[in-house]
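Remarks on the structure that follows.
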Amino acid sequence: MAERSFEVVKPGLATTVQDLGRPGYYHLGLPLSGAMDRFALIAANRLVGNPDGAAGLEAVFLGPELRFSADALVAITGAELPPKLDGVEQPLWSAFAVKAGQVLSFAFLKGGARAYIAIAGGIDVPEVLGSRSTYALGALGGFEGRALKAGDVVPLGAPTGTGREGASLPKEGRRPAQESGVEIRVVPGLYWHRITEEAQAGFFEDTWKVAPEADRIGYRFRGGKKLDFVPRQQPFGAGSDPSNIVDSCYPYGSIQVPGGTEPIVLHRDAVSGGGYFMIGTVISADMDLIGQLQPHQPVRFQSVTLDEALAARAVEKARLAKLGELI
């Protein structure tokens, strides 16, 4: 085992190395990737003294079991996935010390979907196009381009020494897991004109539920009424289904509705273009929230203006700026 590393005893359900992603390559078909809940990863990194963009682990629904080769400082944020050290429960949203040979594991999920594990020094896998994030669909980045497996030995970087055991983010600074009353703000546009006024109103009036297929590529929702389209002659190359278009670019967060039945919010590992119409775009301030939604969780979409979206983004930036004061 490397001098500073951990061994994966159990990998969990889908545990990957993620940082803040690799922007700048979307036009080449390479998605942003990176943490689905960026705020949670940044908070975890700050708790252990890492730069915001240091690589950590993203664990989905079921946490991994990790054996450390050296002393380390660790923080867990995001989903309510209680960490345990040699079987003794540790606090969430707080930095705690791990001794060489100790095993980090997790109890059952209590809320949310994705937990973030930051370790002082960060995870020292090679950078690919400026990021250590895993893009599993393209076998790119992370640890050998894939989710962790039992027996993997994952190297750690050298800690900065600025983290301290017991550092904690108080509850007022956290984003709690939302079990009900979830609203996702959307700026209508792009191909909004393609559906009828009744369908436009119904999209925001209906309650939708997260589909079991929701993942890093896209979050699918079902349960609302099928969208009706304004009649038109389909352009050459668009196919016969009214939800089809001539191929177009997909903005990050855009909502495509194949067949007009099940909206899909394109997330961190989504493809950058295709032939489905897009009803609008989820605002950047709500993309972290989507990454913490569980299957079958009810949500409503809320229409907002571009000015309201920009104001929400400013609020999120202020939350991040305040992290340093709270920790």
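The residues of the chain are indexed from 1 along the displayed sequence. Given the structure is predicted, the values throughout are model-derived calculations rather than measurements.
In this structure, L129 and L30 have side chains that are in contact, with non-hydrogen atoms separated by less than 4.5 Å. At least one side-chain heavy atom of V282 sits less than 4.5 Å from a side-chain heavy atom of M287. S272 places none of its side-chain heavy atoms less than 4.5 Å from the side chain of Y250. Taking 4.5 Å as the limit, some side-chain heavy atom of S254 sits within range of a side-chain heavy atom of T281. Contact check for F221 versus I184: side-chain heavy atoms found under the 4.5 Å cut-off. A heavy-atom distance below 4.5 Å is not found between the side chains of P155 and E3. Under the 4.5 Å side-chain criterion, counting only non-hydrogen atoms from C-beta, E65 is in contact with V103. Two residues are said to be in side-chain contact when any heavy atoms from C-beta on lie closer than 4.5 Å; L137 and I217 meet this criterion.
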Distance-only check: which donor-acceptor pairs under 3.5 Å involve side-chain atoms of residues 34-57, not counting sequence neighbours?
| unit_1 | atom_1 | unit_2 | atom_2 | d |
| --- | --- | --- | --- | --- |
| D37 | OD1 | F39 | N | 3.4 |
| D37 | OD1 | A40 | N | 3.1 |
| D37 | OD2 | Q292 | NE2 | 3.0 |
| R38 | NH1 | L20 | O | 2.9 |
| N45 | OD1 | N50 | ND2 | 3.1 |
| N45 | ND2 | D52 | O | 3.0 |
| N45 | ND2 | A54 | O | 3.0 |
| R46 | NE | D52 | OD1 | 2.8 |
| R46 | NH1 | L320 | O | 3.0 |
| R46 | NH2 | D52 | OD2 | 2.8 |
| N50 | OD1 | G121 | N | 2.9 |
| N50 | ND2 | I119 | O | 2.9 |

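In this structure, SG in C249 is found 8.0 Å from CE in M278, a value given to the nearest 0.5 Å. In this structure, CG in L81 is found 10.0 Å from NZ in K110, a value given to the nearest 0.5 Å. One distance of note links NZ of K10 with CG of L66; it measures 12.0 Å at 0.5 Å rounding. Once rounded to the nearest 0.5 Å, the distance linking CZ of F106 with NZ of K84 reads 10.5 Å. The line from CZ of F143 to CG of D124 is 12.0 Å long, rounded to the nearest 0.5 Å. To the nearest 0.5 Å, the span separating CG on L169 from CZ on R174 amounts to 6.0 Å.
No side-chain donor from either of D307 and T305 sits under 3.5 Å from a side-chain acceptor of the other. In the model, R268 has no side-chain atom that pairs as donor or acceptor with a side-chain atom of Y135 under 3.5 Å.
A perpendicular orientation is assigned to the rings of F203 and W192, their planes being inclined by more than 60° (bins at 30° and 60°). The aromatic rings of F6 and F68 are tilted relative to each other, their planes meeting at an angle between 30° and 60°.
A pairwise comparison of heavy atoms in G291 and Y219 identifies O-OH, 3.7 Å as the closest pair. Of all heavy-atom pairs between R22 and P31, the closest is CG-O, 3.8 Å. The heavy-atom pair separating F61 from P295 by the smallest distance is CZ-CD, 3.7 Å. Taking both residues in full, the closest heavy atoms of T15 and G12 are given as OG1-CA, 4.2 Å, listed atom of the first, atom of the second, then distance. Closest non-hydrogen pair, A100 versus S69, comes out as CB-O, 3.5 Å. Closest non-hydrogen pair, G260 versus S243, comes out as N-CB, 4.0 Å.
Panel note: side chain E165, backbone L73; no donor-acceptor pair is recorded below 3.5 Å.
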Could you walk me through whether L266 and I264 pass side-chain contact (heavy atoms from CB on, under 4.5 Å), step by step?
-> CA-CA 6 Å; L266 301 184; I264 302 170; 4.1 Å; yes
Going through the checks in order, is the salt bridge (Lys or Arg N to Asp or Glu O under 4.0 Å) test met by R222 and E213?
-> CA-CA 11 Å; R222 57 179 55 135; E213 301 90 339; 3.3 Å; yes
Apply salt bridge (Lys or Arg N to Asp or Glu O under 4.0 Å) to R146 and D152, showing your working.
-> CA-CA 11 Å; R146 57 169 171 80; D152 287 343; 2.8 Å; yes
Between V187 and V304, is a side-chain contact (heavy atoms from CB on, under 4.5 Å) present by the stated rule, with each step listed?
-> CA-CA 5 Å; V187 177; V304 297; 4.0 Å; yes
Step-by-step salt bridge (Lys or Arg N to Asp or Glu O under 4.0 Å) determination, R313 to E316 | CA-CA 5 Å; R313 185 167 70 179; E316 281 299 295; over 6 Å; no
How far apart are the C-alpha atoms of V230 and H193, what are their side-chain angles, what is the distance that settles it, and do they pass the side-chain contact (heavy atoms from CB on, under 4.5 Å) test?
-> CA-CA 8 Å; V230 175; H193 62 282; over 6 Å; no
Chi angles and distances behind the side-chain contact (heavy atoms from CB on, under 4.5 Å) call for S33, R216 = CA-CA 8 Å; S33 297; R216 289 185 51 85; 4.1 Å; yes
Given salt bridge (Lys or Arg N to Asp or Glu O under 4.0 Å), test R132 with D19 step by step and report yes or no.
-> CA-CA 6 Å; R132 292 181 169 89; D19 55 22; 5.7 Å; no
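Note on V125 and V128: separate hydrophobic clusters, where clusters join Ile, Leu, Val, Met, Phe, Trp and Tyr whose side-chain heavy atoms are under 4.5 Å apart, directly or indirectly. L289 and I283 fall into different hydrophobic clusters, defined by Ile, Leu, Val, Met, Phe, Trp and Tyr side-chain heavy atoms under 4.5 Å apart, directly or through other members.
Counting heavy atoms of neighbouring residues, nucleotides and ligands inside a 6.0 Å radius, atom CD of E197 does not exceed 12 of them. Counted within 6.0 Å of OH on Y276, heavy atoms from surrounding residues, nucleotides or ligands total 12 or fewer; the atom is thus considered open.
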